[in-house]
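Have a look at the structure below before the remarks.
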Amino acid sequence: MRTLRIGYFSASPILVQAHGLFTQHGIAVEAEAVTSSPAQFCSLHIGAYDVVLTSPDNVAAYRFGTDNPLGVRVDVRIIRAVDGGMGLTLLGTHGVREIDDLRGGTIAVDVPDSGFAFALYELLATHGLRRDVDYDIVAMGATPRRAAALREGHCHATLLNGGLAVAATRDGFASLGRVSDVVHPYLGTVLAATGRWLDTHPVIVKEFTEIWQRSVTALLAANHDIDPLLAGVFGLPVAEVPEIRSILHNPVEGLVPNGLVNQEALQNVLRLRARHGTQAQIAIADGMVDPR
């Protein structure tokens with residue numbers, strides 16, 4: 001049995017759906033929730049992870065610059081597009097009903113200068129709010145950690161998606177806007193790996209990507225019979241699963257059916273980095289996408 005180690009932010013129904021297929025092909029998947037993108041990319045860099053589920057902006061941060069938390073450039077490449085953000089939504093704490101209520105408030109991100117943070121700044125900027133002027137940013141790690149911080153009152157707002165966004169909305173936290181309202185198309189999550197691992201493990205890479213695609217196709221083809229799986233993955237009552245299923249099938253925000261990277265969507269992610277970060281516009285052609 002061969003082992004494949006994956007680091008992710010939020011639980012993936014694709015991994016759960018694929019479990020039996022991986023076993024049939026002699027692949028033992030060890031999937032682990034990461035605490036933050038710096039921790040995720042440190043593990044990827046040292047070989048503790050083979051593959052990561054991450055934001056394409058994180059790939060850009062570690063591939064093209066040394067001002068990332070590791071201080072080094074990592075030959076990390078996108079091998080599959082996963083989703084368009086899974087309903088990436090700005091959620092406000094109790095008492096916050098609209099974006100203008102966030103003036104003078106604290107907003108939680110994974111880290112301030114990569115990932116979904118740039119999409120957050122764009123959403124707030126369209127409402128006239130400026131980073132470090134009209135609101136403060138605090139780093140609170142991966143999406144589940146930020147969801148907990150919102151519930152515990154440690155921030156006034158944060159971006160959530162998938163089941164975490166559905167659950168927060170159900171429990172009375174205000175939906176202040178979606179990333180898809182201001183950036184479209186958008187690429188939310190990708191599969192990524194280092195060039196070193198990809199080049200030295202061609203067989204398992206091929207098997208992994210083929211199984212991944214079969215699982216995506218199965219999820220998108222399934223109807224109510226997939227509800228128990230989705231309820232378990234996202235920690236939701238079965239009655240709320242139809243909302244998640246509609247997000248998965250959403251052509252803008254949901255799963256990418258063929259796993260191919262939409263160049264415009266990726267370019268929009270890179271434009272946000274150029275607009276709200278420190279790096280100039282990045283050319284996608286510079287080896288960032290490596291479909292296998």
Side-chain angles (χ1 to χ4, degrees), residues 1-35 37 39-56 58-59 62-63 74-83 86 142-144 162-163 187-223 225-235 244-245 248-249 254-261 287-292:
M1 187 74 75
R2 295 158 297 167
T3 300
L4 192 148
R5 301 156 298 178
I6 301 176
Y8 63 86
F9 283 94
S10 299
S12 169
I14 305 171
L15 279 176
V16 177
Q17 173 70 22
H19 178 78
L21 290 173
F22 284 128
T23 301
Q24 290 173 23
H25 284 74
I27 301 172
V29 173
E30 296 179 356
E32 178 180 72
V34 302
T35 56
S37 55
Q40 182 184 56
F41 276 78
C42 178
S43 294
L44 183 68
H45 182 48
I46 65 175
Y49 292 148
D50 302 312
V51 178
V52 293
L53 281 157
T54 195
S55 161
N58 289 334
V59 175
Y62 288 89
R63 179 174 180 83
V74 181
D75 178 20
V76 58
R77 309 172 188 177
I78 295 171
I79 56 175
R80 304 283 294 183
V82 177
D83 63 58
M86 288 291 289
T143 311
L187 184 57
T189 309
V190 297
L191 282 172
T194 64
R196 179 183 65 251
W197 184 79
L198 291 169
D199 292 339
T200 55
H201 296 80
V203 174
I204 196 170
V205 170
K206 184 175 185 295
E207 292 177 339
F208 171 72
T209 54
E210 288 177 349
I211 292 171
W212 185 272
Q213 181 58 53
R214 289 172 61 184
S215 299
V216 171
T217 301
L219 279 173
L220 292 177
N223 201 344
D225 56 331
I226 207 73
D227 287 3
L229 181 150
L230 296 178
V233 170
F234 293 108
I244 282 292
R245 199 173 347 101
L248 290 175
H249 284 82
L255 297 182
V256 178
N258 57 12
L260 299 179
V261 174
M288 187 176 181
V289 180
D290 185 0
R292 298 277 175 147

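If you're wondering where the values come from, they're calculated on a predicted model, not measured in any experiment.
Distance check, rounded to the nearest 0.5 Å: CG of Leu191 to CD1 of Ile79 gives 5.0 Å. Here the straight-line distance linking atom OG1 of Thr54 with atom CD1 of Ile6 works out to 13.0 Å at 0.5 Å rounding. Atom CD1 of residue Ile14 and atom OH of residue Tyr8 lie 13.5 Å apart, to the nearest 0.5 angstrom. Once rounded to the nearest 0.5 Å, the distance linking CG of Leu44 with OG of Ser37 reads 12.0 Å. Atom-to-atom distance recorded for Thr3:OG1 and Ile204:CD1 is 8.0 Å, nearest 0.5 angstrom. Atoms CG and NE2, on Asp75 and His45 in that order, are 10.5 Å from each other to the nearest 0.5 Å.
Few gaps surround NE2 on His249; more than 12 heavy atoms of other groups in view lie less than 6.0 Å from it.
Contact of the Pro56 side chain with the Ile78 side chain is registered, since non-hydrogen atoms from C-beta on lie closer than 4.5 Å. Side-chain contact between Val256 and Leu260 is absent, with no heavy-atom pair separated by less than 4.5 Å. Residues Asn58 and Phe41 are in side-chain contact: their nearest non-hydrogen atoms beyond the backbone lie under 4.5 Å apart. Taking 4.5 Å as the limit, every side-chain heavy atom of Gln17 sits out of range of all side-chain heavy atoms of Arg214. In this structure, the side chains of Val59 and Arg77 stay at 4.5 Å or more apart for every pair of heavy atoms. The shortest side-chain heavy-atom distance between Arg2 and Glu207 falls under the 4.5 Å cut-off. Proximity of Arg5 to Val51: side-chain heavy atoms (C-beta onward) are nowhere separated by under 4.5 Å. In this structure, Leu53 and Phe9 have side chains that are not in contact, with every pair of non-hydrogen atoms separated by 4.5 Å or more.
Proximity of the aromatic rings of Phe208 and Phe22 is defined here by a centroid distance below 6.0 angstrom, and this criterion is met.
Listed here is the closest heavy atom pair of Asp199 and Pro202: O-CD, 3.9 Å. Considering every non-hydrogen atom in both Leu15 and Val29, the closest pair reads CD2-CG1, 4.4 Å. Considering all non-hydrogen atoms of both residues, Trp212 and Ser12 come closest at CH2-OG, 4.0 Å. The two residues Leu21 and Ser215 have their closest heavy-atom pair at CD1-OG, 4.0 Å. Between Val233 and Pro13, the shortest heavy-atom distance links the atoms CG1-N, 3.8 Å. The two residues Leu248 and Met86 come nearest to each other via the heavy atoms CD2-CE, 3.5 Å.
A donor-acceptor pair under 3.5 Å is formed between the side chain of Gln213 and the backbone N or O of Pro257.
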